[in-house]
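Along the sequence shown, residues carry numbers from 1. All heavy atoms count here, side chains included; hydrogens, waters and symmetry mates do not.
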Amino acid sequence: MPETPSAPVSKLRARPSATLHRGRAPSAVVREFTGWIKRESLPFWSIKGWDEKHGGFHERFDFTASPDVSAPRRTRVQWRQIYVLAHASMLGWTDGLNLALKGLECLLNRAWSPDGNPGFVEVLDPDGSVLSARRDSYDHAFALLALGWLSRASGDAQVRTLLDVVLAFVREELTDPKGFLLESLPPALPRRQNPHMHMFEAMLALAETVGHPDALKEAARYRRMLERTFIDRKSRLLLEFFGDDWKAVEENGASIVEPGHMAEWAWLLRKHDQMISQPPTPLATHFLGAALSAAEPVHGFLIDEIDTLSQPRKLTRRLWPQTELIKAWLAQAETGAARADEAAEHLIKQMLKTYLAGPFAGGWIDQFGARGEVATALVPASSLYHVFVAAAEADRILG
């Protein structure tokens with residue numbers, strides 16, 4: 001693996017991706033990655049991923065490519081599939097816009113205000129009945145992300161109106177007096193940085209897709225929360241869980257850290273820097289380096305959890321942290337950082353040979369154990385979002 005970038009960030013300059021590799025041939029490994037997405041993964045999740053009997057998207061599959069027809073359906077996963085289909089349709093990678101709109105129709109009929117209260121419920125039974133009526137802030141961040149891209153892809157005025165309805169619900173019902181997101185309605189503990197990260201992502205998407213007038217101001221607010229609240233002052237690592245007073249939850253003198261989220265924030269911070277024409281922030285480079293300290297030595301994959309003492313907590317390796325690390329390296333490459341593009345290509349190649357090599361065409365192995373063994377027999381639909389965004393970013397920057 002290439003080393004963590006060590007050049008002073010003040011000397012790095014963001015460049016448009018179109019000029020990043022002028023004179024260099026498009027990356028062969030990126031072509032392989034995007035080809036896999038277009039020819040195998042998007043067709044599978046668009047056809048077999050849709051429940052023809054009940055409507056809506058299946059939550060997960062087994063290794064024989066059979067859906068788990070009894071699995072409860074999280075609305076966040078429905079939103080993720082809608083987002084992927086809308087964005088991929090904009091790229092010309094799939095003809096999935098009508099299916100995305102069908103998914104939205106199912107959610108509106110089943111998950112929006114079934115009890116007379118506003119907001120989308122958290123979990124549905126496959127037949128559409130409500131299993132959990134909580135209104136979760138994480139879910140609504142993905143609703144906004146999906147609605148932004150679906151509004152742009154479809155040009156449908158009703159989708160655009162719904163976006164503003166959901167945004168108003170988040171502001172009025174899911175935001176506390178200090179501006180932080182509530183975990184849910186009813187409120188729950190612990191409180192997490194993660195919904196705020198995805199709301200930051202959603203605000204960037206609303207600025208990018210529909211030019212929402214408040215989106216960049218809202219994004220700046222969530223970024224300040226990261227800088228002031230979500231970073232451990234001693235270790236400078238990203239904290240995950242908090243009490244109601246926003247003090248970090250500790251166990252045996254340390255708090256949980258997820259390397260994948262540090263990589264994800266690195267990518268998002270770089271994206272925000274570009275959108276507001278700001279020089280690359282040192283914090284993104286710091287988060288990338290901190291995430292890499294939790295990489296296993298064989299492939300360079302991130303383990304699932306460490307703590308603020310930099311001790312490993314979970315040596316398992318989910319798929320999604322690897323896609324976030326790829327995106328972080330790609331964002332670093334856009335600043336002109338030496339060898340960042342090579343690092344991204346290396347990880348894509350390793351991911352294609354491992355996670356994306358099975359168990360069926362278009363699917364993935366979602367987690368490996370500490371010794372490299374397969375650690376799950378399920379293929380969750382939720383990971384399509386992570387894999388697709390990594391492919392889209394790789395194609396934009398190196399393709």
Practice problem: Start with the C-alpha gap between S70 and D68, add the side-chain angles, then the distance that decides, and say whether side-chain hydrogen bond (donor to acceptor under 3.5 Å, both in side chains) holds. | Solution: CA-CA 6 Å; S70 64; D68 183 348; 3.0 Å; yes
Quiz item: Between L325 and L292, does a side chain to side chain contact (heavy atoms under 4.5 Å, CB included) hold up when you go through it step by step?
Solution: CA-CA 8 Å; L325 184 56; L292 288 170; 3.8 Å; yes
Practice problem: Check the pair F242 / L189 against side chain to side chain contact (heavy atoms under 4.5 Å, CB included), numbers first and verdict last. | Solution: CA-CA 8 Å; F242 302 83; L189 291 174; over 6 Å; no
Self-check item: Working for side-chain hydrogen bond (donor to acceptor under 3.5 Å, both in side chains), residues W149 and E208
Solution: CA-CA 9 Å; W149 279 98; E208 181 180 6; 5.0 Å; no
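Taking 4.0 Å as the cut-off between side-chain N and carboxylate O, R73 and D125 do not count as a salt-bridged pair. With salt bridges taken as basic N to acidic carboxylate O contacts below 4.0 Å, one links K327 and E324. The residues R80 and D139 are annotated as not salt-bridged, no charged nitrogen and carboxylate oxygen being separated by less than 4.0 angstrom. In this structure, D127 does not pair ionically with R110, as no charged nitrogen and carboxylate oxygen lie closer than 4.0 Å.
In the model, S27 has a side-chain atom that pairs as donor or acceptor with a side-chain atom of E345 under 3.5 Å. Side-chain contact annotation: S383 with D366, donor-acceptor N/O pair under 3.5 Å present. Side-chain contact check for S184 and R134: at least one donor-acceptor pair (N or O, by modelled atom type) lies under 3.5 Å. Counting only N and O atoms by type, the side chains of D341 and Q332 include no donor and acceptor under 3.5 Å apart. Judged purely by distance below 3.5 Å, without hydrogens or angles, the side chains of E122 and T75 never pair a donor atom with an acceptor atom. Donor-acceptor pairing under 3.5 Å is lacking for the side chains of T161 and D164.
Ring-centre distance between F44 and F61: below the 6.0 Å cut-off. For W36 and W93, the distance between ring centers is not under 6.0 angstrom.
Around CD of E105, the count of heavy atoms belonging to other residues, nucleotides or ligands within 6.0 Å does not exceed 12. More than 12 non-hydrogen atoms from other residues, nucleotides or ligands lie less than 6.0 angstrom from CZ of R233. The environment of K349 atom NZ is sparse: at most 12 non-hydrogen atoms of other residues, nucleotides or ligands sit within 6.0 angstrom. When the shell of 6.0 Å around CD of E227 is examined, it contains more than 12 heavy atoms from other residues, nucleotides or ligands.
When the options Y138, W79, F169 are evaluated for a ring-ring contact (aromatic ring centres under 6.0 Å, His included) with F120, the one that passes is W79. Of the residues listed (Y222, F241, W246, W265), the one engaging Q193 in a side-chain contact (heavy atoms from CB on, under 4.5 Å) is W265, and it is the only one.
Formation of a donor-acceptor pair under 3.5 Å by the R135 side chain with backbone atoms of V170 is not found in this model. No side-chain donor-acceptor contact under 3.5 Å links R270 to the backbone of A328. The backbone N or O of L181 sits nowhere less than 3.5 Å from a side-chain atom of S137 that would complete a donor-acceptor pair. The backbone N or O of P26 lies less than 3.5 Å from a partner atom in the side chain of R31, making a donor-acceptor pair.
Contact annotation: the side chain of H196 never approaches that of E201 to less than 4.5 Å [non-hydrogen atoms, C-beta and beyond].
T316 OG1 to E296 CD: the interatomic distance, rounded to the nearest 0.5 Å, is 12.0 Å.
Under the rule for a ring-ring contact (aromatic ring centres under 6.0 Å, His included), F33 has no partner lying at least two apart in sequence or in another chain. Every ring-ring contact (aromatic ring centres under 6.0 Å, His included) that H272 has, sequence neighbours left out, goes to F200. By the salt bridge (charged side-chain N to carboxylate O under 4.0 Å, His left out) test, E264 is found to be paired with no residue, residues two or more places apart in sequence or in another chain being considered.
Across T281 and D273, no two heavy atoms sit closer than the pair N-OD2, 3.0 Å.
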